[in-house]
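Here is the structure we will look at, set down as structure tokens.
The structure displayed is predicted, hence computed values, not measured ones.
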Amino acid sequence: MTESTSRGKFITFEGIDGCGKTTQAEMLLELLEKQELSISFVREPGGDPISESIRKLLLHSEEIMSDRAEALLMIASRAQLTDKVILPHLLNGRWMIADRYADSTLAYQGGGRGLNSTALEEINYFGTYTLKPDLTFFIDISVEEANKRMSVSRDRIEKEGQEFQQRVRDFYTNLHTKEPERVMLINGENSIDAIHNEISSIVSEKLIS
Ligand code: ADP
Ligand code: TYD
């Protein structure tokens, strides 16, 4: 990084499956691209050839996977993506939007599966090269509404059921309470356009102005 290049901003989208994250992440990307900002989009698990191979194993494996193996694979995929894609871009001054990042492991493998959160935080710290998002949007909807929005073909984790998704949602709600400056709680049951307007105002206020 040259002295004149400042690090790009890192924005993440989080929430239970079907909450509308991808829709909002793509709309924000399009808006910021129109403003001629240098910006890229990635999704987790995935976003790089090695991470995409790990994604297939994680979401479509027919074998029974241990909860700890699942957590470690999520974080292995993240380490690859962070080192090879996210950090090089940020250090070049490019902004990055990620559809899920480290909070997903705390919410799904910690909140959902019940793995020890201190252990997960430590491995996440290692796997992210200590990178933290500048801003996170937690798109919050009820489990019932998410269930209606999700497609019929579901991956291994989406098949876990409503109680699992409720624990994940509760984890995100607590995360917003613990880190209100970073983790913005957005009511995902509003219209797509209303949510987009709210998100763009927060980005302008917190990261652009
Ligand atoms: P996620 O990435 O969180 O799984 P998606 O963005 O793929 O969710 O959205 C899941 C489905 O819900 C899609 O069919 C999408 O068009 C729809 N959807 C997204 N946001 C809303 C909203 N605010 N109101 C109604 N439907 C929505
Ligand atoms: P994906 O199809 O990308 O779902 P979504 O559109 O809801 O993001 O699948 C990702 C799945 O992996 C999703 O169910 C959440 C889960 N996941 C974890 O359990 N832990 C993690 O660390 C990450 C990144 C994802």
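- Looking at His176 and Met184, their side chains never come closer than 4.5 Å, going by heavy atoms from C-beta outward.
- With contacts defined as side-chain heavy-atom distances shorter than 4.5 Å, the pair Thr173/Phe138 qualifies.
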As a quick check of understanding, evaluate side-chain contact (heavy atoms from CB on, under 4.5 Å) for Leu32 and Lys9, giving each step before the final call.
CA-CA 12 Å; Leu32 295 177; Lys9 300 292 183 194; over 6 Å; no
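- Side-chain contact between Ile139 and Ile199 is present, with at least one heavy-atom pair separated by less than 4.5 Å.
- Ile192 places a side-chain heavy atom less than 4.5 Å from the side chain of Gln24.
- Under the 30°/60° scheme for interplanar angles, the aromatic rings of Tyr108 and Phe164 are found to be tilted.
- Contact annotation: the side chain of Asp193 approaches that of Met27 to within less than 4.5 Å [non-hydrogen atoms, C-beta and beyond].
- Note that the CD1 atom of Ile16 and the CG atom of Asp140 stand 7.5 Å from one another [nearest 0.5 Å].
- Using a cutoff of 4.0 Å between basic side-chain nitrogens and carboxylate oxygens, Asp17 and Lys159 are not scored as salt-bridged.
- Listed by chain and residue number, Asp99 satisfy the side chain to side chain donor-acceptor pair (under 3.5 Å) test with Lys21 (two or more places apart in sequence, or in another chain).
- Atom CG of Asn147 and atom CD of Glu158 lie 10.5 Å apart (nearest 0.5 Å).
- Residues satisfying the ring pair (Phe, Tyr, Trp, His ring centres under 6.0 Å) test with Phe10, not counting sequence neighbours, are Tyr101.
- Side-chain contact between Ser104 and Phe13: absent, with no pair of heavy atoms (C-beta onward) separated by less than 4.5 Å.
- Arg55 and Ser77 are not linked by any side-chain donor-acceptor pair at a separation below 3.5 angstrom, with hydrogens and angles left out of the test.
- By the side chain to side chain donor-acceptor pair (under 3.5 Å) test, Glu70 pairs with Gln109, Arg113, Arg156, sequence neighbours left out.
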I would like to know whether Asn124 and Glu121 meet side-chain contact (heavy atoms from CB on, under 4.5 Å); could you show each step before the answer?
CA-CA 5 Å; Asn124 247 341; Glu121 275 167 15; 5.5 Å; no
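- With a 4.5 Å cut-off on side-chain heavy atoms, Ile11 and Leu207 count as touching.
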Checking Arg43 against Glu52 for the side-chain contact (heavy atoms from CB on, under 4.5 Å) test, could you report, in this order, the C-alpha distance in whole Å, the side-chain angles of both residues, the deciding distance, and whether it holds?
CA-CA 10 Å; Arg43 68 157 180 190; Glu52 288 291 331; 2.9 Å; yes
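- The pair Glu179-Lys132 counts as a salt bridge, with a side-chain nitrogen and a carboxylate oxygen less than 4.0 angstrom apart.
- Judged by distance alone, the side chains of Thr136 and Thr12 do bring a donor and an acceptor atom under 3.5 Å apart.
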